[in-house]
Amino acid sequence: MNRRYLYGALALVILVNAVVLAGVVRNRIGAPDALLTLTERELPLTSTFYRRENSGVSLWLNVNSDIEERTWFDEQKLAELGFSVGRVKDSDSRDVYRVLPKEALVVLEYNGKAWQRFRLRQLEEIAALPLKQRQGQLTAEAAARQKQEKLFQLTVASRLFAVDAGLDAVDLRRRYADKGRYIILPSQVRMQVDWRASEGSNSKKRLYGQIQGIMVERIHVPLQFHASLKSLPGKTCIHPGYTHYNPKTPAMVRYQVVVAFGQRLEPWIKALEKFDGDQQGAK
Amino acid sequence: MQKDQAQKRADRIGAFREELADLEKEGILVLDDWQKEHLVSYHRSLLDRYAFRYDVDIGGAEKQLSWSMRIAAFLGALALSAAVFFFFYRFWGGLGTGVQVAILGSAPLCAVAGVDCAARREKTLYFASLLSLIAFTCFVLDLSVLGTIFNITPSQNAFLVWGAFAMLLAYASGLRLMLIAGMTCLMGYLAATVGTWWGCYWLSFGERPENFIFAGALLALPGTVPHREHDNFPNLYRGYGLLAIFIAILILSNWGRGSYLPWSPGVIEAAYQIFGFLLAAAVIALGIRRQWPGLTHLGSTFFVLYLYTKLFDWWWDWMPKYLFFLLIGLSAVLILLVLRRLRTAARGGMS
């Protein structure tokens with residue numbers, strides 16, 4: 001047994017832990033890059049909350065992925081992020097799958113213009129349902145179901161939307177200066193082909209970008225906030241991603257969370273509180 | 001001297017004794033009583049010393065039991081590592097952040113101290129190897145859970161430090177299992193880093209097998225340097241590095257779209273097929289020349305694998321199955337004839 005190597009292993013463990021903890025301190029020191037109060041709609045509980053084998057609790061950063069709000073992520077934006085748009089456009093369509101994902105900084109907007117547009121669209125679609133019913137496009141039952149679904153979405157859907165992406169955090173923060181509304185997060189983005197645009201025409205295919213994943217999608221809940229989460233009323237009806245309307249689980253938003261995003265754009269929970277009975281569902 | 005070297009010497013003594021007994025029976029070489037007594041007492045004292053210092057296996061039964069102990073230690077280490085992992089996850093939610101950090105940081109330190117303690121008490125290092133794997137698990141758990149607790153952006157650097165830690169444990173006690181764990185982590189780090197050089201996100205490194213060709217080549221390099229203390233390590237470096245390269249080439253020779261090269265998938269696949277055959281042949285030749293049997297076996301295996309993959313591509317769909325398998329069988333006979341000729345040539349060269 002060569003003990004020099006063992007001492008090296010011990011030193012490595014100590015050094016690496018020190019570096020990691022120093023990074024955490026650096027992230028949390030000074031004014032945060034963003035500070036927001038989000039609700040269960042934007043931060044639902046992850047499924048591990050209900051599993052016995054993992055006693056850790058975390059919340060899922062739930063970004064609304066409504067297709068109408070992705071138009072900003074076009075070919076120009078892809079080129080800005082370093083994708084070779086021209087080369088892929090001129091080549092075989094399947095070549096797009098050879099393009100690897102890249103790391104980029106994505107701007108998330110909370111309860112802003114994107115949400116207002118989403119809300120307006122839902123209301124317009126609800127208003128158009130009686131006409132569709134009269135024209136025979138929908139049965140009365142289907143129209144009622146769609147109305148319930150849309151009203152449900154207005155109550156539980158995430159108000160967090162991706163609105164821009166870039167490579168320079170300082171530049172993005174300058175353009176999206178409201179730290180109570182905009183979050184900048186490292187993400188993985190990918191190039192995709194809009195097959196509908198290229199079908200049946202001789203024009204070149206249209207490319208668009210897709211956020212494949214946010215680097216830190218789960219936010220750990222420290223022990224001091226567990227009691228609030230464990231005493232929540234009822235079972236959650238909100239899941240990460242899209243939540244479909246279910247008459248058995250009424251729309252209910254049960255808590256709000258103050259989340260800070262630090263110097264390294266890494267989040268942490270500063271406060272978590274339950275809504276009282278009157279506030280539930282109104283948020 | 002290390003345990004492996006002592007074991008090799010003990011094995012040579014055993015083989016020498018058997019050969020000497022046969023020579024005496026055939027009347028070719030008969031030692032007189034003094035010589036015989038002198039030889040037996042010398043070997044006995046040597047084997048006693050090795051048994052005392054390195055706990056080497058002297059007989060066949062001991063060797064078989066040692067293998068059983070090695071397997072038991074490996075399976076036990078895996079099970080105990082899983083127990084540590086699940087135990088922590090089961091209860092960590094009920095602990096404050098400070099306690100979590102303290103436990104995570106101290107667990108690998110305690111396990112390394114345990115490795116040292118076990119190595120002092122036991123020469124065979126079964127318990128030391130068991131504790132080494134637990135120490136490695138604790139360190140992996142340490143960094144991954146710290147990342148979860150503090151919502152840290154994941155990075156490939158974690159693979160680098162896990163790899164370095166496993167390597168240090170491997171070199172401390174000559175544990176091959178830890179060397180393989182270390183090489184696996186370093187492979188992940190190197191492949192991910194090469195991926196980022198091409199502008200992709202590090203977690204996508206698995207989408208380009210060429211990343212593993214580069215990483216494998218780097219990992220095989222230490223295998224060209226003789227190791228004074230752990231003379232079995234270079235074999236592992238060479239074998240592991242080349243295995244990664246061969247597998248990456250096998251994938252690329254069938255999936256050209258996974259390449260960085262800006263050519264059409266068909267051209268890329270053909271290029272890698274040729275490259276694969278040439279590399280396998282070169283590795284066989286190198287293995288024969290440098291007397292590295294592991295490389296010869298690896299090269300031969302992949303040469304045959306590449307050949308059969310190609311035959312499958314060409315013939316499986318349009319040829320009757322009996323004919324396909326007949327040709328596979330005939331190709332095996334052809335390979336046997338070629339290898340026999342090479343073997344005869346090698347024997348002629350030696351004589």
Side-chain angles (χ1 to χ4, degrees), chain A residues 1-21 23-24 27-28 52-58 82-83 87 92 94-95 97-104 185-190 212-213 215-216 218-224 226 264-269, chain B residues 86 89-97 99-101 104-105 108-109 112-113 115-116 119-120 125 128 135 138-139 142-143 145-154 158 161 164-165 167-174 195-196 198-204 207-208 229 257-259 262 264-265:
Chain A
M1 172 69 67
N2 191 331
R3 291 208 163 66
R4 274 182 308 152
Y5 291 111
L6 279 191
Y7 299 145
L10 289 172
L12 183 71
V13 172
I14 293 166
L15 181 72
V16 169
N17 276 277
V19 169
V20 170
L21 294 176
V24 172
N27 179 55
R28 297 189 182 188
R52 285 190 347 174
E53 285 298 335
N54 186 353
S55 57
V57 182
S58 54
F83 286 98
R87 190 168 59 81
D92 178 3
R94 283 177 299 176
D95 275 358
Y97 300 118
R98 292 180 70 177
V99 180
L100 291 169
K102 287 184 186 292
E103 188 176 357
L185 284 178
S187 307
Q188 197 178 346
V189 293
R190 185 155 213 152
Q212 194 159 293
M215 291 306 102
V216 182
R218 286 160 181 251
I219 303 179
H220 174 71
V221 181
L223 180 64
Q224 66 261 36
H226 284 202
R264 300 200 316 179
L265 308 176
E266 288 162 356
W268 75 97
I269 293 174
Chain B
F86 285 112
Y89 270 100
R90 180 87 186 209
F91 298 107
W92 75 300
L95 307 172
T97 306
V99 180
Q100 287 172 342
V101 172
L104 288 167
L109 295 177
V112 171
V115 174
D116 187 27
R120 281 175 201 268
L125 299 179
C138 287
F139 191 46
D142 176 18
L143 286 195
V145 178
L146 280 182
T148 305
I149 293 172
F150 297 113
N151 310 306
I152 297 169
T153 309
V161 288
F165 183 75
M167 287 288 185
L168 286 167
L169 290 182
Y171 277 90
S173 44
T196 59
W198 292 83
C200 75
Y201 181 60
W202 76 269
L203 267 175
S204 313
E207 293 186 38
R208 288 288 177 273
E229 282 191 25
R257 285 187 186 279
S259 169
S264 74

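Bear in mind the structure is a predicted one, so any value in this text is a computation, not a measurement. Here is the naming used below: chain letters follow the sequence lines, and residue numbers restart at 1 for every chain.
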What part of [X] gets within 4.5 angstrom of chain A, counting heavy atoms only: side chain, backbone, both, or neither?
X	answer
B:D116	both
B:R208	side chain
B:T153	both
B:F150	both
B:V145	neither
B:L146	side chain
B:L95	backbone

Specify which of [options] makes the most heavy-atom pairs with chain B at under 4.5 Å.
options	value
A:G82, A:A9, A:G8, A:A104	A:A9
A:Q212, A:K102, A:Q224	A:K102
A:R28, A:R264, A:R4	A:R28

Please report the interatomic distance [atom1]([X]) to [atom2]([Y]), rounded to the nearest 0.5 Å.
X	Y	atom1	atom2	answer
A:I219	B:T148	CD1	OG1	12.5 Å
A:R190	B:Y201	CZ	OH	13.5 Å
A:N17	B:D142	CG	CG	4.0 Å
B:I152	A:N27	CD1	CG	8.5 Å

| request: Identify the heavy atoms of B:T97 and A:P222 that sit nearest to each other, and give their distance. | output: OG1-CB, 4.2 Å
| task | Identify the heavy atoms of A:P267 and B:N151 that sit nearest to each other, and give their distance. | result |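 Residues A:P267 and B:N151, closest heavy atoms: O-ND2, 2.7 Å.
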| said: Counting heavy-atom pairs closer than 4.5 Å to chain A, which one of B:A128, B:A164, B:C200, B:G195 comes out on top? | reply: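 Most pairs with chain A among the choices: B:C200.
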| task | Answer yes or no: is there a donor N or O on one side and an acceptor on the other, between the side chain of A:S55 and the main chain of B:Y89, under 3.5 Å? | result | yes
| query | How are the rings of A:Y5 and B:Y171 set to each other: parallel, tilted or perpendicular (split at 30° and 60°)? | reply |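 Ring orientation of A:Y5 relative to B:Y171: tilted.
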| request: Check whether A:V24 gets within reach of chain B through its side chain, its backbone, both or neither, counting any heavy atom under 4.5 Å. | output: side chain
| remark: If one checks every heavy atom of A:L185 against chain B at 4.5 Å, the contacting part turns out to be neither
